[in-house]
Amino acid sequence: WSSDVCSSDLWAAELLSEARLDSYGLFDTGGIRQRWSDYIAGNDIWQGYLWNVLMFQAWLEGEETRRASMVSGGPWRVGTQLLASPCIND
């Protein structure tokens with residue numbers, strides 16, 4: 001991950017958007033947005049901090065997608081029977 005403008009910055013900007021951060025109510029949105037602005041301006045002291053937030057956001061959104069697919073007949077459903085899975089009772 002680098003401070004050069006590229007597709008990874010667009011991905012990060014989407015995950016660190018105010019709307020996305022506020023949607024879960026878990027983060028200090030203003031603080032994260034300020035650190036993101038500092039990073040984009042060339043201050044990469046926040047790179048590790050931002051990477052942790054990005055990875056958590058990506059994981060959280062992936063979990064939402066996984067759970068939604070299970071409810072809508074995703075990979076753990078066969079007909080009307082829900083298959084046993086170690087994650088099914090989460």
Side-chain angles (χ1 to χ4, degrees):
W1 191 43
S2 73
S3 58
D4 296 332
V5 175
C6 61
S7 62
S8 65
D9 286 335
L10 298 175
W11 168 78
E14 288 178 17
L15 284 176
L16 297 177
S17 71
E18 189 171 348
R20 292 255 273 306
L21 290 169
D22 283 345
S23 69
Y24 298 108
L26 300 172
F27 301 106
D28 172 12
T29 302
I32 293 170
R33 297 287 302 159
Q34 180 60 52
R35 286 167 176 85
W36 175 245
S37 294
D38 291 348
Y39 175 77
I40 293 300
N43 182 358
D44 63 357
I45 192 170
W46 298 113
Q47 184 173 354
Y49 173 88
L50 291 168
W51 184 252
N52 290 333
V53 174
L54 285 166
M55 291 299 96
F56 184 78
Q57 278 285 86
W59 171 81
L60 193 57
E61 291 191 4
E63 280 297 299
E64 279 193 345
T65 300
R66 181 186 68 84
R67 288 172 189 255
S69 73
M70 289 171 62
V71 169
S72 66
W76 296 105
R77 190 177 292 274
V78 175
T80 58
Q81 183 179 9
L82 202 55
L83 299 177
S85 164
C87 302
I88 209 71
N89 295 321
D90 290 350

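Each residue takes its place number in the sequence, starting with 1.
Checked against side-chain contact (heavy atoms from CB on, under 4.5 Å), Asp22 has the following partners two or more places apart in sequence or in another chain: Glu18, Thr29. Not counting sequence neighbours, Arg33 has no partner by the side-chain hydrogen bond (donor to acceptor under 3.5 Å, both in side chains) test.
Put simply, the side chain of Ser17 never gets that close to the backbone of Ala13: no donor and acceptor are under 3.5 Å apart. Panel note: side chain Asp44, backbone Gln47; no donor-acceptor pair is recorded below 3.5 Å.
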| said: What verdict does the side chain to side chain contact (heavy atoms under 4.5 Å, CB included) test give for Gln57 and Leu21, after you've listed the backbone C-alpha separation in whole Å, the side-chain angles of each residue and the deciding distance to 0.1 Å? | reply: CA-CA 8 Å; Gln57 278 285 86; Leu21 290 169; 3.9 Å; yes

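Tyr49 and Trp46 have perpendicular rings, their planes meeting at more than 60° on a 0 to 90° scale where under 30° would count as parallel.
Atom CH2 of Trp51 and atom CZ of Phe56 lie 15.5 Å apart (nearest 0.5 Å). In this structure, the separation between CD on Glu61 and CZ on Arg66 is 15.0 Å, given to the nearest 0.5 Å. Remark: Tyr39 OH to Leu16 CG distance equals 11.0 Å, nearest 0.5 Å. Taking CD1 of Ile45 as the reference point, atom CG of Leu50 lies at 11.5 Å (rounded to 0.5 Å).
Side-chain contact of Glu64 with Tyr24: a donor-acceptor pair under 3.5 Å is present, judged by distance alone.
Here the options are Leu15, Leu26, Ile32, the test is side-chain contact (heavy atoms from CB on, under 4.5 Å), and the partner is Val53; only Ile32 passes.
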